[in-house]
Amino acid sequence: MPAGSHSSSLVVVVVGHVDHGKSSLLGRLLLDCGKVPQDKLEAISNICKSKALPLEPAFFVDAFEEEHAQAISIDTTVASIKIDDTHLVLVDVPGHLEFIKNAASGASQSHCAVLVVDINSGADAQTGNHMRLLALLGIKMVLLAVNKVDKVHFSQAEFTSLVDKLEPACSVNGLDVLAAIPVSALSGDNVTQVSENLPWYHGPTLLQALKELAPPSERRADNALRFMLQDIYKFDDRRSFAGSMLSGRLATGDRVLFSPSGQSATIEQLLGFPENEPEFAEAGDSVAFSLREDILVERGEVISFAHQAPDMAQQFEADVIWLSSHPTDFNGRYKLQLGTSHR
């Protein structure tokens, strides 16, 4: 993203049991928002025709031929939708228990979740597993997408009955249900457009609910500056410090602190792309800069203002998802990836 841009972004993980239609829902979002290239649309249409199937939106996000053959999502897929001043990053993670590692990695960077539940199948053990996984990863905000309502003739009674079961289950797992939305991913009802088949429903479409969640204050200049140093490059006699703006605002002339080394320096020049010398950088920007002073720092440093320095400690508590086939060795030594550094 160019330095100094001004859109809010929201990372959303889409979870649900296999066959509940989460990939179809994500594909429908991409299709109806005009984010599917024409050549890909034609290719998928031909695949569906060759198999005597209706157009399947899930194929727009399934990344592998193996997934097309098995009709399941194996790997984590990420799709971006830019609408007006809102940037949605949608992460489609596997629903099979065998692929829970992929689901955990896909959900770990998300701000909120869309939990997709088939109105015919209802809540099951896998749905409960996804609720607990989201809670463990610290994702508290959830949108319930009750899918395949066309299969029950858009019944309000069946929708209400299922939501009355899902909401308490989410609450038990510490999840806050912001909205329960009846949708049909296959036909597009209530995904991006209000459906005439649901006159009894007066809430937002799924897209409206997602846009309302995008944080308007994400790029406020008074947020604490946090820049994660990715690498240091040397061109001629000048060193450039490259990385990502996590929060706050950075400009030429700012005096900054590097943690944990404790060294300070002044920003001499910002370097961005495509704008070569942007006036400032904000959260979400990837930029580089040069310094007036010659200091020695390493990849992994966190850059801040001195009066907003991050806390540093030698010990911490954490909830850990153990994915190895070997049992945990509490006396063992493990490598910690902290931002862009390894400890």
Side-chain angles (χ1 to χ4, degrees), residues 1-2 5-16 20-51 53-65 67-68 71 73 75-93 106 109-116 143 145-150 154 178-179 181-198 201 203-216 218-219 273-274 284-285:
M1 184 179 296
S5 56
H6 293 276
S7 62
S8 58
S9 61
L10 181 74
V11 182
V12 183
V13 61
V14 185
V15 296
H20 281 214
K22 62 182 179 56
S23 292
S24 295
L25 187 61
L26 183 53
R28 173 59 63 180
L29 273 169
L30 292 171
L31 180 63
D32 288 358
C33 290
K35 303 303 179 182
V36 178
Q38 185 62 34
D39 59 341
K40 190 169 186 178
L41 176 59
E42 293 176 358
I44 296 300
S45 297
N46 291 334
I47 291 175
C48 292
K49 288 179 181 178
S50 68
K51 297 182 179 181
L53 296 172
L55 182 64
E56 174 50 69
F59 288 169
F60 295 128
V61 292
D62 284 341
F64 304 107
E65 287 296 329
E67 294 177 62
H68 291 185
S73 294
D75 204 357
T76 299
T77 303
V78 179
S80 295
I81 299 178
K82 183 73 164 59
I83 303 173
D84 300 326
D85 61 347
T86 301
H87 181 211
L88 299 176
V89 181
L90 304 168
V91 183
D92 174 33
V93 295
Q109 301 298 318
S110 303
H111 301 119
C112 65
V114 174
L115 179 58
V116 184
L143 296 175
V146 180
N147 194 23
K148 304 184 183 181
V149 292
D150 54 312
F154 304 96
L178 303 182
I181 307 169
V183 300
S184 171
L186 194 61
S187 59
D189 290 275
N190 227 27
V191 178
T192 63
Q193 300 292 328
V194 175
S195 173
E196 296 180 354
N197 296 313
L198 296 160
Y201 175 74
T205 65
L206 179 61
L207 182 61
Q208 288 172 339
L210 289 172
K211 289 180 66 176
E212 290 172 1
L213 284 174
E218 181 187 46
R219 294 175 176 273
F273 180 84
D285 293 339

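Note that these values count all heavy atoms, side chains included, but never hydrogens, waters or copies made by symmetry. Numbering starts at 1 and runs along the sequence shown.
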Mark yes when over 12 heavy atoms from residues, nucleotides or ligands other than K49 sit less than 6.0 Å from its NZ; otherwise mark no.
-> no
Looking at L198 and P182, what are the two nearest heavy atoms and their distance?
-> CD1-O, 3.7 Å
L55 side chain near S45 side chain, heavy-atom distance below 4.5 Å = yes
With side chains defined as the heavy atoms from C-beta onward, is the minimum distance between T192 and T205 less than 4.5 Å?
-> no
May I ask you to test the L31-L41 pair for a side-chain heavy-atom distance under 4.5 Å?
-> yes
Kindly give the heavy-atom pair with the smallest separation between D32 and G188, and that separation in Å.
-> OD2-CA, 4.4 Å
Locate the shortest heavy-atom distance separating V116 from G21; write the atom from each residue and the value.
-> CG1-C, 4.1 Å
For S195 and D189, the nearest pair of non-hydrogen atoms, with its separation, is OG-OD1, 2.5 Å
When L207, L186, L29, L26 are each screened for side-chain contact (heavy atoms from CB on, under 4.5 Å) with V191, the one that passes is L29
Side-chain heavy atoms of C112 within contact of L143, under 4.5 Å | no
What closest approach, in Å, do P57 and R28 show between heavy atoms, and which atom pair accounts for it?
-> CB-N, 3.6 Å
Evaluate the side-chain proximity of I47 to K51: yes if any heavy-atom separation is below 4.5 Å, no if none is.
-> yes
Using a 4.5 Å cut-off on heavy atoms from C-beta on, say whether the side chain of I181 contacts that of Y201.
-> yes
Side chains of E42 and Q38: is there a donor and an acceptor less than 3.5 Å apart?
-> yes
Kindly give the heavy-atom pair with the smallest separation between V149 and S184, and that separation in Å.
-> CG2-N, 4.2 Å
